[in-house]
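The next block holds one structure in the form of structure tokens; read it before the comments.
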Amino acid sequence: MEGRNAKAHAVLLSSPGLGHLIPVLELGKRLVTVNNFKVTIFVVSSLTAAAESQVLQSSMSPELCEVIRLPPANISDLVDADAAVVTRIAVLMREIRPALSSAISALKYPPTVLIVDLFGTESLGFADDFKIPKFVFIPSHAWFLALTIYLPRLDEVVKGEYVDEKEALFIPGCRPVQPEDVVDPMMCRSDQQYAEYVHMGMNILMADGILVSTWEELEPETLAALRDNKLLGRISKVPIYPVGPMIRPIGAVDHSSKKLLFDWLDKQPSVSVLFVSFGSGGMLSNEQMRELAWGLELSRQRFIWVVRTPAVKSGDGSFFSVGSGSSNDKLSFLPEGFLGRTQNLGLVVSDWAPQVEILSHPSVGGFFSHCGWNSTLESIMNGVPMIAWPLYAEQKLNATMLAEGLRIAVRSKILPSKGIVGREEIKMLVRKIMVDDEGRAMRARVKELKLSAERAWTRNGSSWKALAQAMC
């Protein structure tokens, strides 16, 4: 952008869910510190998620960014009650456009750049009204971006269901995607979420640039393919700016259980504790929850487990409700006597815990994770290897990247979404990451990635320069 007398003003739009909200908030802060922008962030809240409210309250820093909640849109007449999360978010983001337009027009300082996340691409046109640059922010990695923008081509080439394909899905210049690893919206082509996702893949390319929460040194081959006019660059024709990792800093969120957690952690040996958490929306089935409990107990390893009421079916069932409900209800689903038998080994927390602070504690040596990209980056930035347990969204893709590409995670023989992983295999996975030589090797590799990420955000590091270049 050309220099101007008035301070540049970036307007950001975040869709619901901590996986979108947290990186958008952190991007806003970077625009203040790196680019000296004024920043306004419009948030479409899920309203029912208590953890989301806590994150928003902790991020209300008017001196850095102004955060404005948009009034919720009623979509009950537009989607079925059992509609997929992707469908619900996509429809919600479409319906808030009138409110967003009015809110942008009412700003005291007109915007000079518009940045929307993946679900907000239908609002890119507002930038044209103001004759300002427009960007899409992908709060995930470059491989996910590659799949997303190539999906309209796959939609033409592949005739049946992706999950039934016998061969991996080819993406020019990138690691192919195995049929069992496709993102959730690609699981069934007749579901509305598939059409919404294909639409997003096309809309992204309307932007003047794409920001991605990865860094140059983490995915050099994929980023090169996205820029190569003979590969994916011939499709995107849009500058790609790796500006990650975008993660919340330590101490950004407080919680009433913090003192208990850290008093207990302080008493544990170095890298001896496994942190078990499945993100803001992840849920296990009743049977899988019991098998996990037995696996943790049999492993004889120390743990902190964030427990949530089980679902009839594991997946993203708590996406719009995390942080609510009775803790007693959740603990009643654990095996009889579990809390007593593990009282000297583990700590069970209901619903939510200060994840970044836990992962940064020197006693934590492993992360049993759903592999959401936020959680993955937080684990990498604290040098903690993972047990990959993908549940929904693009998490299967992430798990493959972590286990096979970066080799900083172990995973079960079958996908948790395909069947029940038994206690003996869970015990083996826990001991592999916490005790065995394989776990020590992963810990060394993830610490190298941590240093790489830290270098990317030093002044004139690759991500620092990418954001400065994108907004110049």
Side-chain angles (χ1 to χ4, degrees), residues 1 23 27 113 115-118 121 124 133-158 162 165 167-179 181-183 185-186 197-246 373 376-377 380 394 396-398 400-402 404-407 449 452-453 455-457 460-472:
M1 285 176 288
L27 174 60
V113 61
I115 304 173
V116 304
D117 71 12
L118 176 63
T121 54
L124 284 171
K134 51 187 182 292
F135 292 81
V136 174
F137 174 48
I138 305 295
S140 190
H141 47 80
W143 192 28
F144 169 75
L145 170 61
L147 173 61
T148 304
I149 65 172
Y150 197 64
L151 181 59
R153 298 294 177 96
L154 289 174
D155 183 59
E156 297 174 356
V157 174
V158 179
Y162 297 105
E165 287 292 295
E167 302 292 333
L169 303 174
F170 172 75
I171 304 176
C174 300
R175 183 189 185 101
V177 175
Q178 297 300 323
D181 286 343
V182 296
V183 298
M186 295 173 65
Y197 184 47
V198 172
H199 194 51
M200 289 178 213
M202 295 185 287
N203 282 349
I204 288 172
L205 305 182
M206 295 166 52
D208 296 312
I210 303 172
L211 312 174
V212 194
S213 189
T214 188
W215 60 103
E216 195 74 41
E217 296 78 9
L218 186 72
E219 300 182 85
E221 294 86 2
T222 304
L223 288 166
L226 284 162
R227 294 164 177 149
D228 191 331
N229 289 332
K230 296 180 180 178
L231 299 171
L232 282 176
R234 76 175 188 269
I235 296 172
S236 68
K237 300 177 182 177
V238 176
I240 309 294
Y241 301 99
V243 296
M246 290 288 173
W373 193 239
T376 295
L377 292 178
I380 290 174
E394 89 287 17
K396 291 174 290 184
L397 205 64
N398 300 350
T400 295
M401 178 179 175
L402 294 170
E404 299 178 13
L406 300 176
R407 295 183 300 128
L449 293 179
S452 168
R455 286 193 295 269
W457 266 115
N460 290 321
S462 61
S463 294
W464 192 97
K465 288 194 292 188
L467 187 59
Q469 180 185 0
M471 298 295 130
C472 68

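Numbers here are sequence positions counted from 1.
- Within the model, atoms CG of L226 and OG of S236 stand 6.0 Å from one another, a figure rounded to the nearest 0.5 Å.
- Summarising the geometry of P176 relative to A168, their closest heavy-atom pair is CB-CB, 3.7 Å, with the distance given to 0.1 Å.
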Under the criterion side chain to side chain contact (heavy atoms under 4.5 Å, CB included), I'd like the reasoning laid out for V183 against K396: C-alpha separation, chi angles, the key distance, then a yes or no. CA-CA 7 Å; V183 298; K396 291 174 290 184; over 6 Å; no
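- Y241 contributes atom OH, which lies 5.5 Å from atom CZ of F135 (distance to the nearest 0.5 angstrom).
- Considering only residues two or more places apart in sequence or on other chains, W143 meets the side-chain hydrogen bond (donor to acceptor under 3.5 Å, both in side chains) condition with none of them.
- Of all the heavy atoms in L218 and T214, the pair that sits closest is CD2-OG1, 3.6 Å.
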message: V136 vs L124, test: side chain to side chain contact (heavy atoms under 4.5 Å, CB included). Steps then yes/no.
response: CA-CA 8 Å; V136 174; L124 284 171; 3.8 Å; yes
Would you give me the side-chain donor-acceptor pairs under 3.5 Å for residues 144-155, sequence neighbours excluded?
| unit_1 | atom_1 | unit_2 | atom_2 | d |
| --- | --- | --- | --- | --- |
| T148 | OG1 | F144 | O | 2.8 |
| T148 | OG1 | Y197 | OH | 2.6 |
| D155 | OD1 | R189 | NH2 | 3.0 |
| D155 | OD1 | Y194 | OH | 2.5 |

| said: Test side chain to side chain contact (heavy atoms under 4.5 Å, CB included) on M471 and V113; report intermediate values, then the result. | reply: CA-CA 8 Å; M471 298 295 130; V113 61; 4.2 Å; yes
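- Partners of R455 by side chain to side chain contact (heavy atoms under 4.5 Å, CB included), not counting sequence neighbours, listed by chain and number: L451, S452.
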Atom pairs and distances, side-chain donor-acceptor, residues 199-210, under 3.5 Å, sequence neighbours left out:
| unit_1 | atom_1 | unit_2 | atom_2 | d |
| --- | --- | --- | --- | --- |
| H199 | NE2 | N203 | ND2 | 3.4 |
| N203 | ND2 | T121 | OG1 | 3.4 |
| D208 | OD2 | K134 | N | 2.9 |

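- Applying the salt bridge (charged side-chain N to carboxylate O under 4.0 Å, His left out) criterion to E221, with sequence neighbours excluded, gives no partner residue.
- The shortest heavy-atom contact between A470 and L211 is CB-CD2, 3.9 Å.
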| request: Walk me through it: do I138 and S213 pass the test side chain to side chain contact (heavy atoms under 4.5 Å, CB included)? | output: CA-CA 6 Å; I138 305 295; S213 189; over 6 Å; no
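- Shown here are the side chain to side chain contact (heavy atoms under 4.5 Å, CB included) partners of P23, two or more places apart in sequence or in another chain: F137, P139, M246, N374.
- Applying the side-chain hydrogen bond (donor to acceptor under 3.5 Å, both in side chains) criterion to T376, with sequence neighbours excluded, gives no partner residue.
- S140 is linked by a side-chain hydrogen bond (donor to acceptor under 3.5 Å, both in side chains) to E394, counting only residues two or more places apart in sequence or in another chain.
- When every heavy atom of I171 is checked against every heavy atom of R175, the shortest pair comes out as CD1-O, 4.5 Å.
- Identified under the side-chain hydrogen bond (donor to acceptor under 3.5 Å, both in side chains) test for residues 462-472, with sequence neighbours left out: E217-S462.
- Contacts of W373 classified as ring-ring contact (aromatic ring centres under 6.0 Å, His included), with partners at least two apart in sequence or in another chain: H141.
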Please list, one pair per line, the donor and acceptor atoms closer than 3.5 Å that link side chains of residues 227-235 to other protein atoms, with sequence neighbours excluded.
| unit_1 | atom_1 | unit_2 | atom_2 | d |
| --- | --- | --- | --- | --- |
| R227 | NH1 | E216 | OE1 | 3.3 |
| R227 | NH1 | E216 | OE2 | 2.7 |
| R227 | NH2 | E216 | OE1 | 3.1 |
| R227 | NH2 | I240 | O | 3.4 |
| D228 | OD1 | K230 | N | 2.8 |
| R234 | NH1 | K230 | O | 3.2 |
| R234 | NH1 | L231 | O | 3.2 |

